Amino acid sequence: MGLTLYAAQGGTVAEYAEQTETLQYTTTVPGGFGALTARIQINEKQARLPHPELATLSGKTHVMDGLNCVYSGEVAESAITLDARGAGLEITAHGPAAALADDPQDAAYSAMPAQAILADQFARRAAYLPLDNDFSAVLPNQPTATFSPVFDGRTIEDILHELNDLLGDYVWGVWDHPTHKDALGFPTWRLVWGPRDQNTTQYTALTSDIISYRVAPSATRAFNGVTLRYEDPIAGPGTATVYDNRLNGDLSQGKAPFRFRRFRRDMGSRVLTSAQAAALAGQYLAMFQNISNVIEIELAALRSASGQRISLWQARAGGNICLPELLPHSRNFQIPPTAIPGENLFFIRQTTYRERQNAAPSLLLRLDQTADFAAADLTRLRYEEQLRQRSQRRGSAALPAGMPLKGFWSARWAAASPGDVFGGPILFPVILAAAPAEVTFTALSASNTSGSPTVGALTQWGCEAVVTATGNGPGFWQGTYQTTG
């Protein structure tokens with residue numbers, strides 16, 4: 001094996017350089033170090049001995065190449081096995097980002113930037129969160145946008161995903177610290193979070209380096225219209241819609257690369273200003289308005305940005321790889337002279353490194369040009385359902401656009417003169433998507449008044465309704481109302 005696997009817990013460290021039969025690990029964004037699996041060959045006597053370095057959720061795994069950290073994570077499961085190959089230890093580890101999903105809490109913020117929200121979340125868990133307190137790699141661009149979210153039973157991982165949505169095309173991961181070490185000399189874990197870089201070349205690969213590849217233009221993320229529903233903290237529910245300016249005015253195709261398709265996202269559970277919603281809709285459109293490729297490529301060799309051979313394990317998710325010979329047809333069979341995002345330069349969303357005894361290692365890359373919102377949305381739907389089951393609280397209900405609201409209203413008076421006006425507010429039991437065009441009434445019974453109530457101050461939250469007495473003495477009006485529009 002070319003790499004060395006260590007397991008450490010407390011003051012105990014075990015090295016499995018010679019005994020490791022198979023090793024596989026992933027890196028991914030968002031997330032950082034992902035999952036690791038390894039099989040270690042041991043004799044039956046060793047199998048029966050305790051292995052404190054493999055204690056679940058306290059043992060750490062480190063894959064090293066000399067002093068270089070290749071992978072670091074936490075033991076999730078260790079099994080003692082016996083089969084035709086003999087006795088062995090099977091180790092499963094998860095990346096340090098899993099610790100960010102351990103502690104759901106409630107929190108609310110008012111007009112705070114994303115970096116301040118995250119700093120507060122880390123401070124709440126500082127006593128037991130196994131991450132370095134170095135925040136220099138967290139939003140180094142210091143975005144100034146402020147948000148007022150309410151988090152009901154959310155973990156730090158949940159909040160990172162949500163703030164990513166609000167900020168735009170950002171990525172985060174938990175990686176090894178470049179200089180900080182723990183008591184045993186292994187790197188500590190730190191959070192790295194910032195805008196996604198699609199233009200810098202970190203790695204290259206030539207055709208001779210490739211074992212296999214698959215290139216698939218993706219229709220699942222091809223949209224040239226974006227509609228975003230949101231709830232402004234002052235104005236209430238609203239809609240932001242943007243279109244590819246290459247479409248014709250009637251939304252026929254025009255000069256757009258494909259026919260009109262709309263991406264619609266409901267972010268009504270998140271507090272956004274109208275300006276933030278419009279900016280976010282524009283970011284989605286920029287990502288979706290051109291056809292993007294999803295690429296899987298397996299490499300036997302890897303090169304640096306300058307073309308020099310480097311180890312396969314050096315590739316990590318979150319970087320970009322230039323494949324100068326892979327897609328020359330995109331420029332009329334001419335190899336582009338420089339790295340061009342989307343043509344020969346691709347974002348690495350996931351890496352899978354595999355190594356086994358007596359076999360050459362390989363590296364599988366999943367490459368993408370845009371944030372994978374299709375997969376992210378499916379994940380988020382499952383996650384939000386879990387949140388609903390976890391929480392006993394519910395946000396304010398909102399009625400979809402176009403659906404009529406029905407209710408009951410009445411007014412009563414003890415004495416009146418002809419022309420006196422009586423009434424009061426109608427408080428809608430839910431928030432409407434927009435102020436209705438009108439409210440109509442159907443009387444159930446009435447006395448000393450005629451006609452339908454008159455409506456004023458019509459909003460999405462309610463209105464005022466009044467009736468007029470037609471004679472002297474007491475009177476009343478009772479009936480139902482229905483909104484239109």
Side-chain angles (χ1 to χ4, degrees), residues 26-35 57-58 60 72-76 93-143 145-177 180 182 187-196 267 269-272 317-318 371-372 375-377 379-391 393:
T26 65
T27 69
T28 182
V29 287
F33 291 127
L57 295 180
S58 59
K60 292 184 178 180
S72 186
E74 193 171 45
V75 176
H94 52 216
L100 301 179
D102 286 343
D103 184 20
Q105 292 189 14
D106 303 331
Y109 300 94
S110 177
M112 290 181 64
Q115 54 270 33
I117 293 173
L118 189 68
D120 176 72
Q121 288 292 314
F122 267 72
R124 291 165 178 251
R125 304 167 173 86
Y128 50 87
L129 193 65
L131 269 67
D132 199 291
N133 60 4
D134 178 8
F135 277 77
S136 60
V138 173
L139 299 178
N141 61 325
Q142 296 292 298
T146 60
F147 307 101
S148 301
V150 176
F151 299 122
D152 179 15
R154 304 294 176 99
T155 66
I156 294 180
E157 182 185 46
D158 302 334
I159 292 170
L160 278 167
H161 283 304
E162 186 153 329
L163 291 175
N164 253 16
D165 268 354
L166 301 178
L167 288 171
D169 194 5
Y170 279 61
V171 293
W172 64 269
V174 180
W175 304 101
D176 54 306
H177 198 289
H180 293 188
D182 63 18
T188 59
W189 300 328
R190 73 163 180 172
L191 177 64
V192 178
W193 184 23
R196 187 166 68 107
M267 302 185 74
S269 61
R270 303 168 194 175
V271 179
L272 292 172
D372 193 352
D377 281 346
T379 301
R380 184 167 285 107
L381 286 173
R382 290 192 292 267
Y383 149 71
E384 289 179 349
E385 177 58 29
Q386 292 173 355
L387 285 181
R388 282 191 289 269
Q389 295 176 10
R390 182 191 305 167
S391 173
R393 288 177 272 181

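This structure is a prediction, so every number in the text was calculated from the model and none was measured.
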Would you check, one step at a time, whether the test side-chain contact (heavy atoms from CB on, under 4.5 Å) holds for Phe122 with Leu129? CA-CA 8 Å; Phe122 267 72; Leu129 193 65; 3.4 Å; yes
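- Ala119 and Phe135 get closest at one heavy-atom pair: CA-CE2, 4.4 Å.
- Note that CD1 of Ile117 is 8.5 Å distant from CD of Gln121, once rounded to the nearest 0.5 Å.
- Side chains of Glu162 and Phe147 form no contact here, defined as non-hydrogen atoms less than 4.5 Å apart.
- Looking at Tyr170 and Leu139, their side chains come closer than 4.5 Å, going by heavy atoms from C-beta outward.
- Separation of atoms CG (Asn141) and CH2 (Trp193) is listed at 9.5 Å; rounding is to 0.5 Å.
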Apply the test side-chain contact (heavy atoms from CB on, under 4.5 Å) to residues Ile156 and Leu191: give CA-CA distance (whole Å), side-chain angles for both, the deciding distance (0.1 Å), then the verdict. CA-CA 11 Å; Ile156 294 180; Leu191 177 64; 5.9 Å; no
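- Taking 4.5 Å as the limit, some side-chain heavy atom of Pro104 sits within range of a side-chain heavy atom of Thr155.
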Would you please test Tyr128 and Asp102 for side-chain contact (heavy atoms from CB on, under 4.5 Å) and show each step? CA-CA 10 Å; Tyr128 50 87; Asp102 286 343; over 6 Å; no
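- Counting heavy atoms from C-beta outward, Thr188 and Asp134 have side chains that stay 4.5 Å or more apart.
- In terms of modelled atom types and a separation under 3.5 Å, the side chain of Asp106 and the main chain of Asp152 share no donor-acceptor contact.
- Rounding to the nearest 0.5 Å gives a distance of 12.0 Å between CG of Leu131 and CZ of Arg125.
- Here the shortest heavy-atom pairing between Ala317 and Thr27 reads N-OG1, 2.9 Å.
- In this structure, Leu160 CG and Arg154 CZ are separated by 12.5 Å, a value rounded to the nearest 0.5 Å.
- Of the possible donor and acceptor atoms, none in the side chain of Asn164 sits under 3.5 Å from a partner among the backbone N and O of His161.
- You'll find the side chain of Ser136 reaches within 4.5 Å of the side chain of Arg190, heavy atoms only.
- Shown here for Pro96 and Val174, the closest heavy-atom pair between the two residues is CG-CG1, 3.5 Å.
- Between atom CG of residue Asp158 and atom CZ of residue Phe151 there is a gap of 9.0 Å, rounded to the nearest 0.5 Å.
- Between the side chains of His180 and Asp132, a donor-acceptor pair is found at a separation under 3.5 Å.
- Taking every heavy atom of both residues into account, Pro143 and Gln115 meet most closely at O-NE2, 3.2 Å.
- In terms of modelled atom types and a separation under 3.5 Å, the side chain of Ser148 and the main chain of Ala111 share a donor-acceptor contact.
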Run Trp172 and Leu100 through side-chain contact (heavy atoms from CB on, under 4.5 Å) and show every step you take. CA-CA 12 Å; Trp172 64 269; Leu100 301 179; 3.9 Å; yes
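- Considering CZ of Phe33 and OG1 of Thr28, their distance stands at 12.5 Å, rounded to 0.5 Å.
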